[in-house]
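All remarks here apply to the structure that follows.
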Amino acid sequence: MVADVPHKIYLDESEMPTRWYNLVADLPEPPPPPLHPGTHEPAGPDDFAPLFPMALIEQEVSAERFIDIPGGVLDVYRLWRPSPLFRAHRLEELLDTPARIYYKYEGVSPAGSHKPNTSVPQAYYNHQEGVAKLTTETGAGQWGSALAFATAQYGMECEVWQVAASYRQKPYRRTMMEIWGATVHSSPSDVTDFGRQLLAEDPDHPGSLGIAISEAVAACVADPAVRYALGSVLNHVLMHQTIIGEEALLQLAKVGETPDVLVGCTGGGSNFGGLAFPFLREKLAGRMDPVVRCVEPAACPTLTKGEYRYDFGDTAGMTPLMKMHTLGHSFVPEPIHAGGLRYHGMSPLVSHIYELGLVEAISIHQRECFAGALQFARTEGIVPAPEPTHAIAAAIREALACKESGEEKVILTALCGHGHLDLAAYEKYLSDEMVDYDLPESAITDAMASVPVLA
Ligand SMILES: *Cc1c(COP(=O)(O)O)cnc(C)c1O
């Protein structure tokens, strides 16, 4: 093995970037605006004011290229940032590839994923504007725990609706949220009208992310002193995550590398956007030319099989309409283990740049992902969360293609979380009980019928 680059590439705290990057500033055309769910007119700041603090609404519509990270956020980021960039020497050796694989590891955060990069500023700006309590939804429990951690930093309350299936299957995530002081409900719950209605139809309802969003939004609008926080999809969320890519740019520069291929897993698009957007800026400016590729689960293929349409972000149809790649807001994906990738839509910004041809997309079945995750864990050591196993599988595909062609490509990916609370998924894989789901066209056609038709 040629260890021409150290295994860990660190930044000092003093080198941590102090600005987030807003990709919108550099796009040839801006993404289409969100629409009011009733009038179908472009939604304005007032439409979002019951849900979000003004500072985040301004970031949501901003065309400024860089936004300064407040000192009160940097202080909390320094609990775990800058995060390490690793060169995957041992995985490369196993694959016998001439490619050089780098991964940016976000599992070092207190909640174990990239999500605190946005939960912290979201809690901070709400706190600044006098909001004492936030509501939210969580699927696998990653976002709920990230928000519970963040609200604890600013002495705020946090109420979380966790998708019923994962509430039952993942008791430790719930305990984490409770350690940080949050209140957690199984969704559908008996504390909202929509939840009670669904429970009356089916007391064992498994829930879905779209349903949990509807409940958290309903609880927020019912109390003017409460605001809501979303862990992915929105422009301001993706912007907060760009600290990942800004750090990675500095780290790769330290070892004199530029990526040829960048791959990231996409659920709502935030860890992907966070890593990729600063590199897209460099690409648009002609300073590098990486191929940038989204990787989604074959069971929830929003970019590769969904339509680019205005649709609701939630199941009940309460949120503004967003133009995005969608499988239909009533789509309920099969219970794959990557809970964070089971969302019917894709970030409007990622959908827009996909339409512009700035990024590619592929989908991969979960068994290939877990096979890759084992190769990764047995060489690099870290047990990945089920979501980034998609990014790892795509990086392995690319590295094996380099073995065929003899090309020495530089591959960059985000290992956006560890899988220490997802061992049940690994157990299923190791005991050969994990299945791949073939998504019938009819499942998409049926759910697409629920998407509103605009005049
Ligand atoms: C939430 C989550 C995802 C999916 O969300 P994105 O917005 O697409 O990043 C992926 N990986 C992990 C570890 C998550 O917690």
Side-chain angles (χ1 to χ4, degrees), residues 91 103-109 111-115 137-146 162-163 165-174 176 206-209 212 231-232 263-272 274-275 294-302 332-344 346 362-397 413-437 439:
L91 178 65
Y103 57 97
K104 178 77 168 153
Y105 185 43
E106 292 296 311
V108 292
S109 83
S113 77
H114 65 292
K115 294 228 168 63
E137 72 292 333
T138 194
Q142 288 275 20
W143 168 242
S145 46
Q162 181 172 12
V163 175
S166 93
Y167 183 89
R168 291 175 210 136
Q169 283 161 14
K170 300 199 166 183
Y172 294 141
R173 277 275 165 209
R174 190 202 328 159
M176 261 177 109
S208 75
L209 206 52
S232 185
V263 289
C265 69
T266 46
S270 75
N271 87 84
F272 168 82
L275 178 68
C294 306
V295 190
E296 55 188 18
C300 194
T302 33
V332 181
E334 296 289 349
I336 53 164
H337 291 278
L341 307 185
R342 292 177 71 234
Y343 182 60
H344 68 270
M346 178 51 61
I362 58 169
S363 72
I364 304 187
H365 280 292
Q366 62 179 351
R367 290 174 54 84
E368 179 180 340
C369 296
F370 277 82
L374 286 199
Q375 289 185 305
F376 185 88
R378 288 171 184 180
T379 49
E380 297 299 310
I382 300 170
V383 178
E387 294 84 4
T389 63
H390 292 75
I392 290 168
I396 291 176
R397 277 190 187 183
T413 192
L415 181 51
C416 55
H418 67 64
H420 297 175
L421 296 181
D422 303 287
L423 296 184
Y426 282 89
E427 191 188 350
K428 281 268 185 311
Y429 181 75
L430 290 168
S431 59
D432 206 22
E433 287 171 49
M434 187 178 283
V435 292
D436 286 338
Y437 297 96
L439 183 62

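None of these values were measured; they are calculated from a predicted model. All values below come from the heavy atoms of this structure, side chains included, with hydrogens, waters and symmetry mates left out.
For Tyr343, the side chain to side chain contact (heavy atoms under 4.5 Å, CB included) partners two or more places apart in sequence, or in a different chain, are Leu209, Ile213, Val233. Scanning for side-chain hydrogen bond (donor to acceptor under 3.5 Å, both in side chains) contacts around Ser208 gives an empty result, with sequence neighbours left out. Scanning for ring-ring contact (aromatic ring centres under 6.0 Å, His included) contacts around His418 gives His420, with sequence neighbours left out. In this structure Tyr103 satisfies the ring-ring contact (aromatic ring centres under 6.0 Å, His included) test together with Phe86, Phe376, sequence neighbours excluded. With sequence neighbours excluded, the residues satisfying ring-ring contact (aromatic ring centres under 6.0 Å, His included) with Tyr426 are Phe370. Among residues two or more places apart in sequence or in another chain, the salt bridge (Lys or Arg N to Asp or Glu O under 4.0 Å) test is passed with Arg367 by Asp432. Residues forming a side-chain hydrogen bond (donor to acceptor under 3.5 Å, both in side chains) with Thr389 (at least two apart in sequence, or on another chain): none. Contacts of Thr302 classified as side-chain hydrogen bond (donor to acceptor under 3.5 Å, both in side chains), with partners at least two apart in sequence or in another chain: Glu296. For Glu106, the salt bridge (Lys or Arg N to Asp or Glu O under 4.0 Å) test picks out Arg81, with sequence neighbours left out. The side-chain hydrogen bond (donor to acceptor under 3.5 Å, both in side chains) test applied to His390 returns no partner, not counting sequence neighbours. Remark: Gln375 pairs with Leu91, Leu94, Leu95, Ile396 by the side chain to side chain contact (heavy atoms under 4.5 Å, CB included) rule, at least two apart or across chains.
Judged by distance alone, with hydrogens and angles left aside, the side-chain atoms of Ser109 form a donor-acceptor pair with the main-chain N or O of Gly112 at under 3.5 Å.
Between Pro333 and Ala299, the shortest heavy-atom contact is CB-O, 4.2 Å. Shown here for Arg173 and Ser145, the closest heavy-atom pair between the two residues is NH1-OG, 2.9 Å. When all heavy atoms are compared, the tightest approach of Gln142 to Ala385 is NE2-CB, 4.4 Å. Summarising the geometry of Leu275 relative to Val263, their closest heavy-atom pair is CD2-O, 4.4 Å, with the distance given to 0.1 Å. In terms of heavy-atom proximity, Phe272 sits nearest to Cys265 at CB-O, 3.7 Å. Scanning both residues, Thr266 and Pro297, for their nearest heavy atoms gives O-CD, 4.3 Å.
Sorted by first then second residue, the salt bridge (Lys or Arg N to Asp or Glu O under 4.0 Å) pairs that include residues 376-395, not counting sequence neighbours, number zero.
The side-chain heavy atoms of Ile336 and Arg342, taken from C-beta on, include a pair separated by under 4.5 Å. With contacts defined as side-chain heavy-atom distances shorter than 4.5 Å, the pair Tyr437/Leu439 does not qualify. Leu341 places none of its side-chain heavy atoms less than 4.5 Å from the side chain of Cys300.
Atom OG of Ser113 and atom CG of Leu421 lie 11.0 Å apart (nearest 0.5 Å). Between atom CE of residue Met434 and atom CD of residue Gln366 there is a gap of 4.5 Å, rounded to the nearest 0.5 Å. Rounded to the nearest 0.5 angstrom, His337 NE2 and Gln169 CD are separated by 8.0 Å.
If you check the side chains of Glu427 and Ser431, you find no donor sitting under 3.5 Å from an acceptor.
When each of His365, Glu368, Glu334 is tested with Asp436 by the rule side-chain contact (heavy atoms from CB on, under 4.5 Å), just one qualifies, namely His365.
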